[in-house]
Amino acid sequence: MEGKTLGYEQCEQAVTWLRDHSQHRPSVGIVLGSGHSALADQVIKADIFSYADIPHFPRSTVPGHVGRLVLGELGGHTCVVMQGRFHMYEGYSANTVVFPVRVMKLLGVHTLLLTNAAGGLNPEYNVGDIMLVKDHIFLPGLAAHGPLVGPNDERFGPRFPSTSDAYDPELRAIARAVAKELKFGQRLREGVYVMEGGPAFESVAECRMLKLMGGDAVGMSTVPEVHVARHCGIRVFAISLITNLAVLEFDSPQRATHAEVLETGQRSAANIQQLIINLLTCMPPPTPSD
Ligand SMILES: O=P(O)(O)O[C@H]1O[C@H](CO)[C@@H](O)[C@H]1O
């Protein structure tokens, strides 16, 4: 496990560097998961930075995660877009995984839109469905392997934040209306995302357990970012693209693969992009009190 703690001062240094290198002052953050990188190509007046050039930023190591931060205009908002995220299974501590979200906070971001790829646990789900995340089960977090473990920095938020209100109901309602306009029909779902540590895909018995627990989709990311975003008062919206179906039968020949995850991501890119851009367009413009 990589061990350097990235705190408030390191966030400030990254923010100073970004403000020196870009005129954009983002109020919306976007995190693009496996296979979703192309959304960043829609950003207008884009300033594009490799993670390698930004002070203290980790490096992306997972195929499908380009490793660039894009600042510019999207859907009428000034946005900062992560073209690729960090995962604990890459060997990064939870603290490192969430560093960019804290940087976003200090940049002035008040709303965070997260995307991920996930395996469908709910038997009604199909590959290509888009699930609005209404809640989560944070398996590493329940065992104190989350980003808020350790000394609490009150400049970010309180020691004991609530997570029962993590996923903003108003943004989900706007997304439902947008999906209706886009005629997504049954492809639009709303459910519970389970985060497991990875990098191995789940066994059949594990998939069965996660489904029994109340999970609708399973992945290896997102919830650490949600925890720190809510900790520092950022409004959160998250979607999972169902890229594959969890294997729920012991004698099934089906296997999850990252190649399938990326393929589904490419096939569904247009839908994800339309949903996010239209959501941004309908989102109330930022106000000083947000
Ligand atoms: O959650 P994102 O980053 O979208 O990626 C998902 O896809 C990868 C597995 O194929 C894992 O990283 C899983 O978390």
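Numbering of ligands and ligand atoms starts at 1, following listing order. Along the sequence shown, the residues carry numbers beginning at 1.
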Nearest to atom 14 (O) of ligand 1, what protein heavy atom do you find, and at what distance? Met220 N, 3.0 Å
Is there a polar contact between ligand 1 and Thr115, counting only N or O atoms under 3.5 Å apart? no
Distance-only, no hydrogens or angles: does the Tyr51 side chain make a donor-acceptor pair with backbone N or O of Gly84 under 3.5 Å? yes
Is Ser34 close to ligand 1, meaning an N/O of one under 3.5 Å from an N/O of the other? yes
Quick one: are Asn152 and Phe160 in side-chain contact, heavy atoms under 4.5 Å? no
Start with the C-alpha distance between Thr222 and Asn116, add both sets of side-chain angles, then the distance that settles side-chain hydrogen bond (donor to acceptor under 3.5 Å, both in side chains), and finish with yes or no. CA-CA 7 Å; Thr222 304; Asn116 63 50; 2.9 Å; yes
Is there a polar contact between ligand 1 and Gly33, counting only N or O atoms under 3.5 Å apart? no
Looking only at heavy atoms, the pair that brings Val127 and Thr264 closest together is CG1-CG2, 3.6 Å
Would you say Arg230's side chain and Pro161's backbone share a donor-acceptor pair under 3.5 angstrom? no
At under 4.0 Å between heavy atoms, which part of His36 makes contact with ligand 1: side chain, backbone, both or neither? neither
Which atoms of ligand 1 sit under 4.0 Å from any heavy atom of Asn116? 1 (O), 4 (O)
Answer whether the closest heavy-atom distance between the side chains of His24 and Glu73 falls below 4.5 Å. yes
Provide, to 0.1 Å, the distance between atom 3 (O) of ligand 1 and the closest protein heavy atom, together with that atom's residue and name. His87 NE2, 2.7 Å
Using a strict cut-off of 4.0 Å, indicate which atoms of ligand 1 neighbour a heavy atom of Arg85. 1 (O), 2 (P), 3 (O), 4 (O)
Ligand 1 atoms in contact with Phe201 (distance to a heavy atom under 4.0 Å): 9 (C), 10 (O)
Ligand 1 atoms nearer than 4.0 angstrom to some heavy atom of Tyr89 are 11 (C), 12 (O)
Atom 1 (O) of ligand 1 - nearest protein heavy atom and its distance: Ser221 OG, 2.5 Å
Using a 6.0 Å distance limit plus a 45 degree cone around the ring axis, check whether Arg189 lies over the aromatic ring of Tyr125. no
For ligand 1, which atoms, with element, lie under 4.0 Å from some heavy atom of His65? 3 (O)
Should the heavy atoms of other residues, nucleotides or ligands under 6.0 Å from CZ of Phe250 be counted, would the total exceed 12? yes
Have a look at ligand 1 and work out which part of Val261, if any, has a heavy atom under 4.0 Å from it: side chain, backbone, both or neither. side chain
Around atom 9 (C) of ligand 1, find the nearest protein heavy atom and jot down its residue, atom name and distance. His258 ND1, 3.5 Å
Can you check whether Thr96's main-chain N or O pairs, donor with acceptor, with Ser93's side chain at less than 3.5 Å? yes
